[in-house]
Amino acid sequence: MAKKLSFFARLSYGVFFFLSKYIIIAKTTIYKAENAARKDVEQMSKDKKLVEAITPINEDFARWYTDIVKNAELIDYSSVKGCVVLRPYGYAIWENVQRILDGMFKELGHENVYMPMFIPESLLQKEKDHVEGFAPEVAWVTHGGTEPLAERMCVRPTSETLFCEHYAHIIQSYRDLPKLYNQWCSVVRWEKTTRPFLRSREFLWQEGHTMHETSEEAVAETTRMLECYREFAEDYLMMPVVCGRKTDSEKFAGAEATYTIEAMMHDGKALQSGTSHYFGDGFAKAFDITFTARDNTLQHPFQTSWGVSTRIIGAIIMTHGDDNGLILPPAVAPIQVVITPVAQHKEGVLEAAAALKKRLKDAGIRVLCDDTDNSPGWKFAQYEMKGVPIRLEIGPRDIESGNCVLVRRDNGAKEVVALADIESTVHTQLDELAKALFERALNNRAQRSFTCATYGELEKAVEKDVGFYKTAWCG
RNA sequence: CCGGGUGUGGCGCAGCUGGUAGCGCGCUUGACUGGGGGUCAAGAGGCCGCAAGUUCAAGUCUUGUCACUCGGACCA
């Protein structure tokens, strides 16, 4: 088995165990852009007088991705490599992700805390595997002002060590367990190859760190949080995922087992979208965390950690987007409905648009009315680029007939709908759009999933088709 | 870390064998428009990455340097 795994590692394939007896092999390289197509697109953009053309998805997937993150105004590059500016629209997506996940965590009994961003070198080094895994990619702080520090400190790449130090202070008895903490923060990993959202040097995430009385309880927490992530991905982001366990070579540094949700991107590659780790009592021993058990013996607690990062935004883009730009699942879309007034200088149009906006807002829908004097065509293209799920057009004709035009972002379908019950119409359409996104992603995954009976068969198949492979030969 | 490429208005680029900087988009103002990226007119905006050198003269040539980028290596 070890030999086979190293073979896959060389090919940049991720290998992980499906939760049943299958393993799944999926290409997991981080996308890199290529130069070739750029000039053609720029030329095309000139010829067609388009404002911002993006590279077609089937021509160069990586370039398509970069064009979207820039043109949909999610990020701006900064002067620090691998560190991006999250612009209001991009950050708003993250805020929605935060709001939903945070609610789910609290429902499960977790509490939020905040740890320092600096870790003294000696603290990082307490757990051997952990430091070996992370030391090559941490950023170091060596000076305070002009004075060299007595001990250098790293900017947290993850906070296990800080949580452990703290837990050692506050856990005395089995009565103190479990401890279910989570924090929202940014971490720094000095990556050499960076891509917005997918692999950056600083990124935002949440990291949950829990301590338990028994290993059974900690294992249960690990799978409970993996299930939480699955539910979030599938029910809110409309992104089907495969739950599984990473091989030893890919598991978290210091963990006993790493579980993951893997989503298939539009091009058939896998993206690790959330992880949940079981640590056993390895860290507890290294950090000397003990508690008095029910039988009055001194024991080490069992630990888990789990995290989802802004990479999930990259997953949303690559799962649902198309040649016209981003498509956002309604649950996390900063704007769920955009209203574009037509012939807005004519009497009554802007007033009708404003009234429509108010009704939708009162119905709990995130709505924007774009009354700038850009042309309607420009607005259509702009909000398609930004992935707004539903567009409502309202002009003199509609006002007269008591209707408006509803356009769906996922399939472009246009429909004249009555203003009278617009709230329920929009709610229904948002729901249907969400379901359609999930179905489409599921179909894509099904079309790119294969089964191999033997190892030899698998070797040949992975060269031909990018996708997920199930094999039965590994028990 | 190794190799290739690129640095010129906000963005994308042109600028040949040296002669003192131009195009498209965007931006500003106004008018006409408006149901798929509108039209016209008038404007604003540049130490040509940085430093040194060659020259009467450097965006252009030479050297150095910095940054970015692509590929490789490295990387949960």
Side-chain angles (χ1 to χ4, degrees), chain A residues 5 9-10 12 14-16 28-30 32-54 60 62-63 66-67 70-71 76-82 129-130 132-138 157-158 160 187 189-195 199 201 245-255 257-260 262 272 274-277 305 307 309 311 324-325 339-346 349-350 370-385 391-399 401 403-407 412 414 416:
Chain A
L5 289 182
R10 274 207 311 280
S12 297
V15 183
F16 60 99
T28 56
T29 48
I30 290 295
K32 290 177 180 173
E34 287 158 28
N35 271 330
R38 193 62 206 163
K39 292 234 166 174
D40 297 346
V41 172
E42 274 154 14
Q43 191 53 47
M44 191 177 79
S45 157
K46 272 185 192 172
D47 294 348
K48 291 187 180 171
K49 288 201 144 189
L50 298 181
V51 175
E52 294 284 352
I54 62 171
D60 182 342
R63 181 66 74 178
T66 308
D67 287 348
K70 287 196 298 197
N71 292 347
D76 183 30
Y77 289 103
S78 76
S79 55
V80 183
K81 177 185 164 71
D129 290 340
H130 188 67
E132 276 177 17
F134 281 105
E137 57 178 37
V138 294
T158 178
E160 271 74 12
V187 290
R189 300 177 187 183
W190 216 251
E191 306 284 356
K192 292 188 174 161
T193 302
T194 60
R195 303 278 292 144
R199 176 165 289 158
R201 285 185 173 169
R245 182 178 160 185
K246 287 281 188 186
T247 57
D248 282 352
S249 63
E250 289 200 324
K251 80 180 179 190
F252 181 88
T258 287
Y259 299 87
T260 160
E262 302 271 341
Q272 178 180 302
T275 51
S276 184
H277 315 288
S305 82
S309 74
R311 178 183 278 181
N324 291 327
I339 299 169
T340 57
V342 174
Q344 62 188 31
H345 67 291
K346 292 197 175 139
V349 172
L350 281 178
D370 186 347
D371 56 5
T372 64
D373 58 4
N374 289 309
S375 74
W378 185 90
K379 291 177 189 173
F380 299 164
Q382 178 71 3
Y383 292 103
E384 278 166 13
M385 177 63 69
R391 178 175 84 237
L392 295 177
E393 301 169 20
I394 186 160
R397 265 187 267 156
D398 309 296
I399 295 165
S401 61
N403 295 318
C404 66
V405 177
L406 183 151
V407 185
K414 280 191 189 185
V416 177

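We name chains A, B, ... by the order of the sequence lines, and we start the count at 1 in each one.
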Please state the P separation for the pair U20(B) and A58(B) - nearest whole angstrom. 12 Å
Contact class for Gly395(A) vs. all strands (heavy atom < 4.0 Å): base, sugar-phosphate, or nothing? base
Length of the line joining Gln382(A):CD and G26(B):P, which is rounded to integer Å: 12 Å
Please check this pair: side chain of Lys379(A) against backbone of Asp370(A), looking for a donor-acceptor N/O pair closer than 3.5 Å. yes
If you round to the nearest 0.5 Å, how far is CD of Gln382(A) from CG of Asn71(A)? 8.5 Å
Under 3.5 Å donor-acceptor pair, Arg391(A) side-chain atoms to G35(B) base atoms: no
Using heavy atoms to find the nearest nucleotide of RNA chain B for Tyr77(A) and Ile394(A) separately, return the residue whose nucleotide is more 5′. Ile394(A)
With rounding to whole Å, what would you report as the distance between G12(B) and C68(B) at their P atoms? 15 Å
Between U29(B) and C13(B), how far is it from one P atom to the other, in whole Å? 29 Å
Both Ala381(A) and Thr158(A) contact RNA chain B. Which one's nearest nucleotide lies toward the 5' end? Ala381(A)
Can you tell me, in whole Å, how much space there is between the C1' of G53(B) and that of U60(B)? 15 Å
From the options A76(B), G36(B), G35(B), select the nucleotide whose nearest atom is closest to the side chain of Glu384(A). G36(B)
Of the listed nucleotides (G37(B), A73(B), G35(B)), which one gets closest to any side-chain atom of Arg397(A)? G35(B)
NZ of Lys251(A) to CG of Asp248(A), rounded to nearest 0.5 Å, is 4.5 Å
When you measure from the side chain of Glu137(A), which nucleotide among G37(B), G35(B), C75(B) comes out closest? C75(B)
Could you check how far CD of Glu262(A) sits from C1' of A76(B), rounded to whole Å? 11 Å
Between protein and nucleotides 30-34 of chain B, what N or O pairs are separated by less than 3.5 Å?
residue	atom	partner	partner atom	Å
G34(B)	O2'	Ala343(A)	N	3.1
G34(B)	N7	His345(A)	ND1	2.9
G34(B)	O6	His345(A)	ND1	2.9

In whole angstrom, give the distance that lies between atom NE2 of His277(A) and atom C1' of A76(B). 8 Å
What's Glu393(A) touching, base or sugar-phosphate or nothing? Going by heavy atoms closer than 4.0 Å. base
Between G24(B) and G37(B), how far is it from one C1' atom to the other, in whole Å? 16 Å
Do Thr158(A) and His130(A) have side-chain heavy atoms sitting under 4.5 Å apart? yes
Starting at atom CZ of Phe380(A), determine the distance to atom P of G37(B), rounded to an integer number of angstrom. 9 Å
Validation row: Lys246(A), Glu262(A) side chains within 4.5 angstrom (heavy atoms): yes
Can you confirm whether Val138(A) sits close enough to Pro157(A) that some side-chain heavy atom of one is under 4.5 Å from a side-chain heavy atom of the other? yes
Hey, are the side chains of Ser305(A) and Glu160(A) touching, using non-hydrogen atoms and a 4.5 Å cut-off? yes
Could you give the NZ-to-P distance, from Lys192(A) to A76(B), as a whole number of Å? 11 Å
Output the pairing pattern of RNA chain B as a dot-bracket string, 5' first, Watson-Crick or G-U wobble with both distances under 3.5 Å, | for cross-strand pairs, [ ] for crossing pairs. (((((((..((((.....[..)))).((((((.....)))))).....(((((..]....))))))))))))....
Interatomic distance at C1', C48(B) relative to C1(B), whole Å: 32 Å
Nearest to the side chain of Trp378(A) - A73(B), G37(B), C75(B)? G37(B)
Rounded distance in Å - CG (Asp370(A)) to C1' (G37(B)): 13 Å
For the side chain of Arg199(A), starting at C-beta, report the closest nucleotide among A76(B), C75(B), G36(B). C75(B)
Rounded to whole angstroms, how far apart are CG on Asp76(A) and P on G10(B)? 14 Å
Euclidean distance for P, G3(B) against A76(B) (whole angstrom): 25 Å
Using a 3.5 Å distance criterion without hydrogens, assess whether the side chain of Gln344(A) forms a donor-acceptor pair with backbone atoms of Thr372(A). yes
Euclidean distance, atom NZ of residue Lys70(A) to atom C1' of U69(B) [Å, nearest integer]: 11 Å
Rounded at 0.5 Å granularity, tell me how far CD in Glu393(A) sits from NZ in Lys414(A). 5.0 Å
Would you check if the side chain of Thr258(A) reaches a backbone N or O of Phe252(A) as a donor-acceptor pair within less than 3.5 Å? yes
Taking the minimum atom-to-atom distance to the side chain of Phe134(A), which one of G37(B), G35(B), A76(B) wins? A76(B)
Shortest non-hydrogen contact between Val407(A) and Gly412(A), atoms and distance: CG1-O, 3.9 Å
Considering only the C1' atoms, how many Å lie between G22(B) and U8(B), rounded to the nearest integer? 10 Å
